[in-house]
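Here is the structure we will look at.
Values in this document were obtained by computation on a predicted structure and should not be read as measured data. In what follows, every heavy atom counts, from backbone to side chain, and hydrogens, waters and symmetry copies are set aside.
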Amino acid sequence: MENIKVDFKNARLFEKNVMKYAKQVAEIHKKLHEKAKNEKEFCGWLNLPTNYDKKEFEKIKKIAKKIQSNSDILLVIGIGGSYLGARAVIESLTNTFYNLQEKSIRKTPQILYVGNNLSPNYIRDLIDYIGDKDISVNVISKSGTTTEPAIAFRIFREIMENKYSLKEARDRIYVTTDKEKGALVELAKKEKYTTFVIPNDIGGRYSVLTAVGLLPIATAGIDIDKLMEGARIAQDRYNDENLKYNECYKYAVIRNILYEKEKNIELLVTYEPKMHYFIEWWKQLFGESEGKEQKGIYPSGAEFTTDLHSLGQYIQEGRRNLFETVINIENSENDIVMKAEEDNLDQLNYLEGKNLSYINNQAMEGTKVAHVDGDVPNIIINIKKLNAKNIGQLIYFFELACAVSGLILGVNPFNQPGVEKYKNNMFKLLKKPGY
């Protein structure tokens, strides 16, 4: 039985309009697989689920157990693709209040994040929270000179060296970076830090299934074998150039058709708060891949029913430039049954005997009908339940769909030239040498 199934019927498009892209998609399919053979094309993620470094994978699991045994906190230092993927997986597959649980219940370290902003308040609050707790650090950066994580690492490296002996501090710092070059490689060699490799043929936003994401994910107690198994299932399932049978490619095509119809904002919607950071990961994936040459769908997100009380009016009756892709988790791991009360002052007795998951599902169905009737097309991605295998499959689904969608749009989905603009301006203002 398929654990992920995409429903396109509420996208309000005719199949014949979709199939007009069949030849182009088949050509893109072949082009992608050719690109995957060339390291400089950044398409190594395409075959990663079957072509990953098995030795490093086992090293990740070994180090994760070590961190679990000697640390209260794993501090993940990174920004963008260097932390969003890990956080997306961890928060979708652990208790909603994972970091607030006692370690005796949680069993694994708290996973906290820094280097994803330049706020002194955030960093000072984090330092105060850590206090005397035992920590390990995983710093993730391809170059080692990205401003936000580099500043955070300098600060927390000093804290580690003051907190522990120099030898123990070195033993608690783990570096995920380029295999051969860059500031972090040089520092890791000098300090003899344990290192993990960011593959040269995989860009940051496509890197969650490499050591970039897998070390924090494994440290949180998530089964990374199952995660990779799900990705392998997706790699096999969506390796069909025939658009008629490939839901992943259909999603990419339908996004572009809707874009041509002036639907230039996509809301990735969830009714499950655990998926909040999955949406954040998805926003970077599509925003950084497609937003080029004055083109691209703007990727946004919403959590229903929460955001229906703040954004619902606009979605229903605002500008008609939106469409929604809804991630529907069909089966909840936990449930609550509504009971009747004698006074019924809140007028909820009509829900007696119904589960919250059922009520949540009916809210989704009612919202879908209202939005589609209001000219907001809906694509529904149905997932049987939240587990590592299904999340692995969903990650690969979106990575592949993003690549194909960008190539249909006519942009390079594997570079990000515009990101350097703000950095150059910032460096000039800070009087960095050479700027």
Side-chain angles (χ1 to χ4, degrees), residues 60 63-141 144 146-164 168-177 184 193-194 196 204 207-208 211-222 224 273-281 284:
I60 289 168
I63 294 299
K65 288 180 181 178
K66 177 185 172 185
I67 297 170
Q68 290 169 352
S69 71
N70 69 5
S71 300
D72 300 309
I73 295 169
L74 172 64
L75 194 58
V76 178
I77 299 178
I79 195 167
S82 294
Y83 97 103
L84 277 174
R87 191 165 191 176
V89 174
I90 290 167
E91 298 204 7
S92 68
L93 296 177
T94 58
N95 186 286
T96 302
F97 304 102
Y98 173 88
N99 278 331
L100 298 179
Q101 291 179 311
E102 295 292 332
K103 191 173 182 182
S104 59
I105 298 172
R106 194 177 61 244
K107 307 295 185 187
T108 51
Q110 291 176 301
I111 313 294
L112 301 179
Y113 306 88
V114 71
N116 53 344
N117 61 63
L118 291 169
S119 166
N121 292 325
Y122 182 98
I123 293 174
R124 176 52 63 186
D125 288 349
L126 181 57
I127 292 169
D128 290 344
Y129 176 77
I130 289 171
D132 293 331
K133 299 178 183 71
D134 280 318
I135 65 173
S136 291
V137 166
N138 179 205
V139 56
I140 307 164
S141 175
T146 303
T147 307
E148 295 89 341
I151 288 174
F153 185 46
R154 177 176 285 200
I155 292 168
F156 283 95
R157 181 184 169 207
E158 181 181 359
I159 289 172
M160 295 283 283
E161 291 174 354
N162 290 332
K163 186 182 183 72
Y164 303 104
E168 186 175 357
R170 288 169 172 167
D171 196 46
R172 288 175 172 270
I173 293 174
Y174 303 93
V175 173
T176 307
T177 189
L184 267 181
Y193 297 142
T194 299
F196 297 90
S207 66
V208 58
V212 170
L214 293 180
L215 181 58
I217 291 166
T219 302
I222 293 166
I224 60 174
K274 285 175 177 283
M275 298 294 283
H276 173 86
Y277 270 93
F278 196 95
I279 291 175
E280 295 302 306
W281 169 80
Q284 184 196 1

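A donor-acceptor distance shorter than 3.5 angstrom exists from the side chain of T177 to the backbone of S141, with no hydrogens or angles considered. Not a single donor-acceptor pair under 3.5 Å links the side chain of Y277 to the backbone N or O of K274. Side-chain N or O atoms of N99 include none that pairs as donor or acceptor with a backbone N or O of Q110 at under 3.5 Å. Side-chain N or O atoms of E168 include none that pairs as donor or acceptor with a backbone N or O of K163 at under 3.5 Å. Listed for the Q284 side chain is a donor-acceptor partner under 3.5 Å among the backbone atoms of G81. The closest donor-acceptor contact from the side chain of S119 to the backbone of Y122 lies under 3.5 Å. For the pair D72 (side chain) and D134 (backbone), a donor-acceptor distance under 3.5 Å is present. Put simply, the side chain of R172 never gets that close to the backbone of S71: no donor and acceptor are under 3.5 Å apart.
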key: Worked check of side chain to side chain contact (heavy atoms under 4.5 Å, CB included) between T96 and H276   = CA-CA 11 Å; T96 302; H276 173 86; over 6 Å; no

request  = Kindly indicate, with the supporting measurements, whether the criterion side chain to side chain contact (heavy atoms under 4.5 Å, CB included) is fulfilled by Y174 and T219.
outcome  = CA-CA 12 Å; Y174 303 93; T219 302; over 6 Å; no

inquiry  = Pair I159, I130 - check side chain to side chain contact (heavy atoms under 4.5 Å, CB included), show working.
reply    = CA-CA 11 Å; I159 289 172; I130 289 171; 6.0 Å; no

inquiry  = Assess the residue pair W281 and V89 against the criterion (side chain to side chain contact (heavy atoms under 4.5 Å, CB included)); give the C-alpha distance rounded to whole Å, side-chain angles, the decisive distance to 0.1 Å, and a yes or no.
reply    = CA-CA 10 Å; W281 169 80; V89 174; over 6 Å; no

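The nearest pair of heavy atoms linking I77 to P149 is CG2-O, 3.5 Å. Scanning all heavy atoms of the two residues, the minimum distance from G144 to L184 falls at CA-CG, 3.7 Å. Nearest heavy atom pair, residue A169 against residue Y164, reads N-CB, 3.9 Å. Annotation for R170 and Y193: closest pair O-CD2, 3.6 Å, computed over non-hydrogen atoms. Residues V212 and P216 come closest through the heavy atom pair O-CD, 3.7 Å. Closest approach of I140 and N138 over heavy atoms only: CD1-OD1, 3.5 Å.
The distance from atom CD1 of I123 to atom CD1 of I155, rounded to the nearest 0.5 Å, is 4.5 Å. The distance from atom CG of L215 to atom CD1 of I224, rounded to the nearest 0.5 Å, is 8.5 Å. Atoms CD1 and CG, on I67 and L75 in that order, are 11.0 Å from each other to the nearest 0.5 Å. The distance from the CD1 atom of I90 to the CG atom of L74 is 8.0 Å, given to the nearest 0.5 Å. Atom CD1 in I135 sits 7.0 Å away from atom CZ in F156 (nearest 0.5 Å). How far CD1 of I111 is from CD1 of I222: 8.5 Å, rounded to the nearest 0.5 Å.
The side-chain tip of K133 points at the ring of Y129 from less than 6.0 angstrom away and within 45° of straight on.
Between I173 and E161 there is no side-chain heavy-atom pair separated by less than 4.5 Å. Considering only heavy atoms from C-beta on, R106 comes within 4.5 Å of Y98 through its side chain. Looking only at side-chain heavy atoms (C-beta outward), I63 and F196 come within less than 4.5 Å of each other.
Ion pairing between a basic and an acidic side chain is recognised when a charged N comes within 4.0 Å of a carboxylate O; R154 and E158 show no such pairing.
Of the N and O atoms on the side chains of Y83 and N116, at least one donor lies less than 3.5 Å from an acceptor on the other residue.
Counting non-hydrogen atoms of neighbouring residues, nucleotides and ligands closer than 6.0 angstrom, the CG atom of D132 reaches no more than 12 such neighbours.
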